[in-house]
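One structure below.
Order of listing sets the numbers, starting from 1, for every ligand and every atom in it. These numbers were taken from a predicted model, which means no experiment stands behind them.
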Amino acid sequence: MVLLLKGSLFGVPGLLFLPILLASFINASYLPAKTGAILKIKNKPVQIDEVEKNADFWLEKAEKAIQDQLTKLPITSKAKNVILFIGDGMSIPTLTAARIYLGQQRGESGENATLSFEKFPFTGLAKTYCVNKQVPDSACTATAYLSGVKANQATLGVTSSVKFGDCKASVDPNNQVTSILEWAQRAKKSTGIVTTTRVTHATPAGTYAHSSNRDWESDKNMRESRQNLSMCKDIAAQLIQEIPGRHINVILGGGRVKFRDNKLKSEEGKPGQRKDGADLIKEWIKDKEALGVEHEYVWNRDGLNKVDKNKTSFLLGLFSEGHMDYALKANKDFQPSLSEMTEAAIQILSRNEEGYFLLVEGGRIDHAHHDSQAHRALDETVKLSQAVETAVNMTDINDTLIVVTADHAHTMSHSGYPDRGSNILGIAATSDVDRLPFPILSYANGPGYRPSGKSGKRHNYWEDDLDRDDFKFPAAFPNHKETHGGDDVAVFAHGPWAHLLVGNYEQNIIPVAMAYASCLGSRQTYCNNSSS
Ligand SMILES: *[C@@H]1O[C@H](CO)[C@@H](O)[C@H](O)[C@H]1NC(C)=O
Ligand SMILES: *[C@@H]1O[C@H](CO)[C@@H](O)[C@H](O)[C@H]1NC(C)=O
Ligand SMILES: *[C@@H]1O[C@H](CO)[C@@H](O)[C@H](O)[C@H]1NC(C)=O
Ligand SMILES: *[C@@H]1O[C@H](CO)[C@@H](O)[C@H](O)[C@H]1NC(C)=O
Ligand SMILES: *[C@@H]1O[C@H](CO)[C@@H](O)[C@H](O)[C@H]1NC(C)=O
Ligand SMILES: *[C@@H]1O[C@H](CO)[C@@H](O)[C@H](O)[C@H]1NC(C)=O
Ligand SMILES: [Zn+2]
């Protein structure tokens, strides 16, 4: 009986009757501490189809998968357009858990669900370490997957000759590297960045900034670390005033505070954080007026909807003071979804006959993981999957290369022996040591660490509502913020030259492969060799 309990029974979703069933023969410590806690497992029992008992079911499915695979031939035409999707912190366990979460939202068991990009024909694995760190951050990895050069932790758009915080070294042109977004602009393509974070945050900034400290997003941030403001420019100012930032056609995300002085109020009546008197949003508008280009600044979803995408060539949309809200709690009247932003960006960028480069980031998967809020991390991953589907639907596989990857992993693990259909946010089983339950998802470290109480007993997870979107999943040891993981990340590719991204490789080959596919950059060889 004990053996049975250990592995399986507690994971069964149809547990509604379990307390009654088990109370008669098991120790009380197995049971929910509060009456009804078990009812919090929301999943209705999911029937596993009888057909799964047949060998033919599986063999036919496998045969069909192989037939599909045979149709996925390499495409060797030129990629007119390149779209790079980054799930910030979207580790492989995040993908597995998110697809189960997605399936369970449709009332299925979940394990056999598929995120949109998991259907892409070619996949690989990227090694994410940076020059000075085995486990990297989002800035050095952005430099790798956008500029093709590995760098030091927390630095952007510079080589590893630049140490963290070394303003002087970062302005030496010999130490600066350029991103595929800049290569695309040189080739007269349109360019865009879309994110759910501040548009000055590490991932989007990797396309346009050169900074020895990713946190120097505004002059205030630089003043606080006592930097020479006449030598180094903050990241928001680089976006508005420098090349390639100034020439980016579509900029959508959050982060208004980084653009306005603290004496100025935003559209929502909130002050900026700059101390130099600047209103960089106004400056952006004036600059586009001076250039005589069709432009639009919007600050909410309605404004975005009203933009004439057939006319506008420059669009700046800042939908919150800081990061945009998690989709689970966002006011959808004010904040557009990642899919909606992606759609608007593609509508505008695709008007360029020369093509475009677009970066789209699901940036808050990472933040949710740092807070050990796995529910939010999975939901944000599903939102990224939807945005990818939007892009796939709007583009042609023969001329648009779409790459979906993560910058780095996290420490969330997917464990226990939960039964098929177990709520991915629920309990896996009870420990065979202390007989107390543990969730399916947990972290190596983070704020979800719960020390044993006075009784010496481990925290009892039956007492918690694990389905809450802000529930902090357990950690083996405490940290205010859960850390990144050092494991490889998956790379999914679709379109011309997607097959270049098969295998296990260094993360910095990604932009070089994308450049090869679309004849960008000075080192690419495809168009030199190709007769077309
Ligand atoms: C996944 O498996 C379940 C259980 O057998 C089944 O009901 C469901 O239709 C399957 N879903 C997919 C997408 O294959
Ligand atoms: C700040 O940088 C400027 C420009 O490089 C330089 O002229 C000035 O001497 C620097 N000021 C300090 C205090 O280092
Ligand atoms: C924008 O252009 C597309 C394609 O040419 C067209 O189908 C659509 O009706 C246009 N939309 C507007 C609002 O003009
Ligand atoms: C993409 O296209 C498919 C097939 O037409 C459709 O079922 C799906 O809803 C579309 N998805 C999005 C996100 O637009
Ligand atoms: C892409 O090109 C191939 C080969 O020319 C063709 O068979 C296929 O139908 C094209 N696909 C689309 C979506 O246009
Ligand atoms: C490819 O052609 C471009 C443009 O002519 C040239 O600048 C570049 O050096 C060539 N690259 C190689 C590897 O031959
Ligand atoms: Zn992070």
Taking the inter-plane angle between the rings of H369 and H410 on a 0 to 90° scale, is it parallel (under 30°), tilted (30 to 60°) or perpendicular (over 60°)?
tilted
Hey, could you give me the NZ/OG distance between K163 and S170, rounded to the nearest 0.5 Å?
13.5 Å
Can you report which non-hydrogen protein atom sits closest to atom 2 (O) of ligand 1, along with the distance?
N112 ND2, 2.3 Å
Would you check, one step at a time, whether the test salt bridge (charged side-chain N to carboxylate O under 4.0 Å, His left out) holds for E224 with K220?
CA-CA 6 Å; E224 278 168 357; K220 173 179 184 262; 3.1 Å; yes
Looking only at protein heavy atoms, which one is nearest to atom 10 (C) of ligand 2, and how far off is it?
N228 ND2, 2.4 Å
Protein contact for atom 4 (C) of ligand 3 (heavy atom, distance under 4.0 Å)
no
Counting only non-hydrogen atoms of the protein, does one fall under 4.0 Å from atom 14 (O) of ligand 3?
yes
Rounded to the nearest 0.5 Å, what separation is found between the CD1 atom of I348 and the CG atom of D308?
9.0 Å
Matching residue for R274 among D261, N262, D234, D279 - test: side-chain hydrogen bond (donor to acceptor under 3.5 Å, both in side chains)
D234
Set out, in order, the CA-CA distance, both residues' side-chain angles and the distance that settles side chain to side chain donor-acceptor pair (under 3.5 Å) for N213 and S211, then state yes or no.
CA-CA 5 Å; N213 183 344; S211 183; over 6 Å; no
Looking at ligand 3, does any of its N/O atoms fall within less than 3.5 Å of an N/O of N310?
yes
Under 4.0 Å from a heavy atom of D49: which atoms of ligand 1 are those, numbered in the order shown and with their elements?
4 (C), 5 (O), 6 (C), 7 (O)
Is atom 7 (O) of ligand 2 less than 4.0 angstrom from at least one protein heavy atom?
no
Would you sort out whether F473 and F471 count as a ring-ring contact (aromatic ring centres under 6.0 Å, His included), showing the intermediate values?
CA-CA 6 Å; F473 282 75; F471 179 74; 5.0 Å; yes
Of all the heavy atoms in E111, does at least one lie under 4.0 Å from an atom in ligand 1?
no
With heavy atoms of E52 as the reference, note each atom of ligand 1 found under 4.0 Å away.
2 (O), 4 (C), 5 (O)
